[in-house]
Amino acid sequence: QVQLVESGGGLVQAGGSLRLSCAASGRTFRSYVMGWFRQAPGTEREFVAAIHWSGYHTYYADSVKGRFTISKNNAKNTVYLQMNNLKPEDTAVYYCAADPNYGGSFWSPAYWGQGTQVTVSS
C-alpha cells in the first residue's frame, strides 16, 4: 500500500514558477514509477510527467516539455514537479500518482494523492 500527499500548489502569475512535492509512505517507494497528472474544470484528467523508479528515465506530456521537470529523492520518499514559465492553461488540480509499472499513453496508476490546486493568472 502506498499513500501519497501533495503540497506546493498555489496562485502564481503567468511566467512564474512553482514546485510541487509529493510525499510517499511505504517501503516500496523506491521500486515504483511516480508521476503527476492534472485535471482542469470540465476536462478529463491528463498525464503530465512520470519518473522511473531508478530516476534514470523520465516522461513528459508534449504540453509541458521544456518547462516542467520531474525528479525524486529516495532518501526523503518524495517526488517533485518543478514548473517553470507557467501559463494560464496550466491551471488545474495536480495529482501525484504511483504504480509498480509504467503504461505509456495508457498509464493508469493504482495509487493517487488527494490533489493540490495550481492557479496561473494572466
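All values derive from a computational prediction rather than experimental measurement.
- Under the 4.5 Å side-chain heavy-atom criterion for grouping Ile, Leu, Val, Met, Phe, Trp and Tyr, Leu18 is connected to Met34 within one hydrophobic cluster.
- Rounding to the nearest 0.5 Å gives a distance of 8.5 Å between CH2 of Trp53 and OG of Ser31.
- Atom OG of Ser122 is separated from atom CD of Gln13 by 9.5 Å, given to the nearest 0.5 angstrom.
- When the salt bridge (Lys or Arg N to Asp or Glu O under 4.0 Å) test is applied to Asp99, no partner is found at least two apart in sequence or on another chain.
- Side-chain contact between Arg67 and Met83: absent, with no pair of heavy atoms (C-beta onward) separated by less than 4.5 Å.
- Ring geometry for Phe47 against Trp107 counts as perpendicular: the plane angle is over 60°, on a 0 to 90° scale with 30° as the lower cut.
- Tyr32 and Ile70 fall within a single hydrophobic cluster, where Ile, Leu, Val, Met, Phe, Trp and Tyr side chains are chained together by heavy-atom contacts under 4.5 Å.
- Residues forming a salt bridge (Lys or Arg N to Asp or Glu O under 4.0 Å) with Arg45 (at least two apart in sequence, or on another chain): none.
- A salt bridge links Asp62 and Lys65; the closest N-O separation between the charged side-chain nitrogens and carboxylate oxygens is under 4.0 Å.
- Across every non-hydrogen atom of Ile51 and Ser71, the tightest pair is CD1-CA, 3.8 Å.
- With rounding to the nearest 0.5 Å, the separation of CG in Asn101 from OG in Ser108 is 12.0 Å.
- In terms of heavy atoms, Asn85 sits closest to Ser17 at N-OG, 4.3 Å.
- Among residues two or more places apart in sequence or in another chain, the salt bridge (Lys or Arg N to Asp or Glu O under 4.0 Å) test is passed with Glu89 by none.
- Here the NZ atom belonging to Lys72 is positioned 7.5 Å from the OG atom belonging to Ser54, to the nearest 0.5 angstrom.
- Side chain of Thr78 to main chain of Ala23: no donor-acceptor pair is present (N/O by atom type, distance under 3.5 Å, no hydrogens or angles).
- Tyr102 and Tyr80 fall into different hydrophobic clusters, where Ile, Leu, Val, Met, Phe, Trp and Tyr residues are linked whenever their side-chain heavy atoms come under 4.5 Å apart, directly or through other members.
- Judged by distance alone, the side chain of Glu6 and the main-chain N or O of Gly115 form a donor-acceptor pair under 3.5 Å.
- For the ring-ring contact (aromatic ring centres under 6.0 Å, His included) with Phe37, the lone residue among Tyr94, Tyr111, Tyr95, Trp112 that qualifies is Trp112.
- For Ser25 (side chain) and Gln3 (main-chain N/O), a donor-acceptor pair under 3.5 Å exists by modelled atom type.
- Screening Leu11, Asp90, Leu20, Leu81 for a side-chain contact (heavy atoms from CB on, under 4.5 Å) involving Val118 leaves a single residue, Leu20.
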